[in-house]
Amino acid sequence: MRFIVAFAAILGSSLGLSPRNSRLVTRDSFFVQSLAAQTQPTGWNPVTFKKPSDAELKSRLSTEQYQVTQHEGTERPFSNAYWDNHQAGIYVDVVSGEPLFSSLDKYDSGTGWPSFTKPLEPANIKTKTDHKLFAERTEVRSAHADSHLGHVFDDGPRPTGLRYCMNSAALRFIPVDKLEEEGYGQYLALFRQGEKTSSAGASHK
């Protein structure tokens with residue numbers, strides 16, 4: 001702010017403006033800057049994202065979110081936020097906001113955890129072998145925030161045959177009507193296409 005005031009004073013002097021008019025330039029510049037900050041969507045930008053420190057994560061996340069994402073915890077089935085969520089929208093990493101899964105690929109696996117047949121953005125997902133339960137499993141983590149998300153199994157439905165069994169605590173759900181507002185408007189077309197497909201299928205029954 002001090003820089004803006006000083007710059008406006010210099011600019012006003014160079015333009016031959018009075019101190020009062022220079023203050024108006026400062027006020028208007030600050031207003032434009034504030035407005036831009038308010039109207040810019042949040043969304044997700046892999047270029048600018050920097051993972052918060054452990055202390056920041058502890059203060060930002062709930063105890064369960066922190067335990068699941070940072071220490072490979074597992075929430076209880078059938079008593080978490082999204083296992084039975086049927087709203088249309090996308091699921092993003094609770095730490096970074098990177099898009100992970102879509103409701104279009106979500107299905108009822110009967111396990112009590114939100115399950116998906118495939119990721120929305122494969123580049124935002126990474127896997128590693130997990131031997132923690134004395135059996136080999138494939139752990140799923142977010143690519144940029146490195147959050148533990150859950151595991152993937154090969155007992156899912158067609159067409160992929162995969163079951164991405166995720167922890168709700170690692171996810172944040174964004175409904176379709178909030179996508180544009182939150183900076184994820186590029187995914188709206190997916191749901192419009194999904195509506196057309198559903199309508200076409202219904203008309204042929």
Side-chain angles (χ1 to χ4, degrees), residues 37-53 56-57 60-62 64-70 72-75 80-109 111 113-128 130 138-153 156-198:
Q38 291 171 11
T39 56
Q40 186 171 4
T42 52
W44 153 250
N45 188 336
V47 177
T48 59
F49 172 72
K50 180 181 179 183
K51 185 174 180 177
S53 67
E56 289 176 300
L57 290 173
R60 272 181 45 186
L61 303 175
S62 70
E64 185 171 49
Q65 288 173 332
Y66 176 79
Q67 187 62 29
V68 167
T69 59
Q70 306 306 303
E72 294 77 48
T74 301
E75 66 194 4
N80 53 77
Y82 304 130
W83 77 274
D84 199 31
N85 181 31
H86 299 289
Q87 278 187 279
I90 68 170
Y91 296 81
V92 304
D93 184 284
V94 72
V95 172
S96 64
E98 55 196 291
L100 300 172
F101 298 97
S102 164
S103 62
L104 296 172
D105 306 307
K106 189 174 186 288
Y107 75 102
D108 183 4
S109 64
T111 61
W113 288 287
S115 300
F116 307 85
T117 57
K118 64 179 182 179
L120 172 61
E121 293 287 358
N124 292 340
I125 292 288
K126 62 182 180 180
T127 60
K128 60 183 287 190
D130 175 4
T138 303
E139 181 190 4
V140 180
R141 304 184 72 90
S142 59
H144 300 86
D146 195 34
S147 300
H148 170 75
L149 304 174
H151 293 83
V152 60
F153 303 92
R158 295 179 179 179
T160 66
L162 299 175
R163 170 171 58 96
Y164 284 84
C165 188
M166 302 293 100
N167 287 282
S168 292
L171 308 173
R172 183 169 75 88
F173 177 70
I174 304 174
V176 169
D177 60 1
K178 295 288 184 182
L179 290 177
E180 192 74 54
E181 177 184 326
E182 296 212 22
Y184 298 91
Q186 69 269 36
Y187 297 108
L188 281 170
L190 292 177
F191 295 95
R192 292 179 183 135
Q193 184 61 40
E195 290 173 2
K196 289 179 182 178
T197 302
S198 298

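- In this structure, the side chains of D93 and R172 stay at 4.5 Å or more apart for every pair of heavy atoms.
- In this structure, the side chains of L61 and V94 come closer than 4.5 Å at one or more pairs of heavy atoms.
- Distance check, rounded to the nearest 0.5 Å: CG of D105 to CD1 of I90 gives 12.0 Å.
- Residues passing the side chain to side chain donor-acceptor pair (under 3.5 Å) test with D108, sequence neighbours excluded: none.
- Taking the six-membered ring where tryptophan is involved, the planes of F49 and W44 are tilted, since the angle between them lies from 30° to 60°.
- Of the inter-residue distances, the one linking K126 atom NZ with S142 atom OG reads 7.0 Å to the nearest 0.5 angstrom.
- Rounding to the nearest 0.5 Å places CD of Q186 at 8.5 Å from OH of Y184.
- When the shell of 6.0 Å around NZ of K51 is examined, it contains more than 12 heavy atoms from other residues, nucleotides or ligands.
- Under the 4.5 Å side-chain criterion, counting only non-hydrogen atoms from C-beta, T138 is in contact with V152.
- Side-chain contact between L149 and I125: present, with at least one pair of heavy atoms (C-beta onward) separated by less than 4.5 Å.
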Notebook entry, point to check: Hey, mind stepping through S147 and T69 against side-chain hydrogen bond (donor to acceptor under 3.5 Å, both in side chains) and telling me if it holds?
Noted result: CA-CA 5 Å; S147 300; T69 59; 4.9 Å; no
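- The CD1 atom of I174 sits 11.5 Å away from atom OG of S102, with the distance rounded to the nearest 0.5 Å.
- In this structure, the side chains of L188 and V176 come closer than 4.5 Å at one or more pairs of heavy atoms.
- Shortest non-hydrogen contact noted between E121 and P99 is CB-O, 3.7 Å.
- Not a single donor-acceptor pair under 3.5 Å links the side chain of S103 to the backbone N or O of K106.
- Contact check for P119 versus N124: no side-chain heavy atoms found under the 4.5 Å cut-off.
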Check: Between L162 and K118, is a side-chain contact (heavy atoms from CB on, under 4.5 Å) present by the stated rule, with each step listed?
Finding: CA-CA 7 Å; L162 299 175; K118 64 179 182 179; over 6 Å; no
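- Counting heavy atoms from C-beta on, the side chains of C165 and T111 come closer than 4.5 Å.
- Ionic pairing of E72 and R141 is present here: one or more N-O contacts between side-chain nitrogen and carboxylate oxygen are shorter than 4.0 angstrom.
- With Q67 contributing its side chain and E64 its backbone, the two residues share no donor-acceptor pair below 3.5 Å.
- K178 places a side-chain heavy atom less than 4.5 Å from the side chain of E181.
- For the pair L171 and Y82, the tightest heavy-atom approach, listed with the atom from each and the gap, is O-CE1, 3.6 Å.
- The CZ atom of F173 lies 4.5 Å from the CD atom of Q87; values are rounded to the nearest 0.5 Å.
- Using the six-membered ring where Trp is involved, H151 and F153 have ring planes that are tilted, between 30° and 60° apart.
- Minimum heavy-atom separation, P157 to T117: CG-CG2, 3.6 Å.
- Side-chain atoms of Y187 and E180 include no donor-acceptor pair closer than 3.5 Å.
- Checked by atom type, the side-chain pair E139/H148 shows a donor-acceptor distance below 3.5 Å.
- Proximity of the aromatic rings of Y91 and F116 is defined here by a centroid distance below 6.0 angstrom, and this criterion is met.
- The two residues R60 and V95 make their nearest non-hydrogen contact at NH2-O, 3.1 Å.
- Going from atom CG of N80 over to atom CH2 of W113 covers 8.5 Å, rounded to the nearest 0.5 Å.
- Nearest heavy-atom pair, R163 versus S109, reported as atom, atom and distance to 0.1 Å: CD-CB, 3.8 Å.
- Checking side-chain atoms of N167 against main-chain N and O of E75 turns up a donor-acceptor pair under 3.5 Å.
- No hydrogens or angles considered: a donor-acceptor pair under 3.5 Å links the side chains of H144 and E98.
- For the residue pair Y107 and G156, the shortest heavy atom distance occurs at OH-CA, 3.7 Å.
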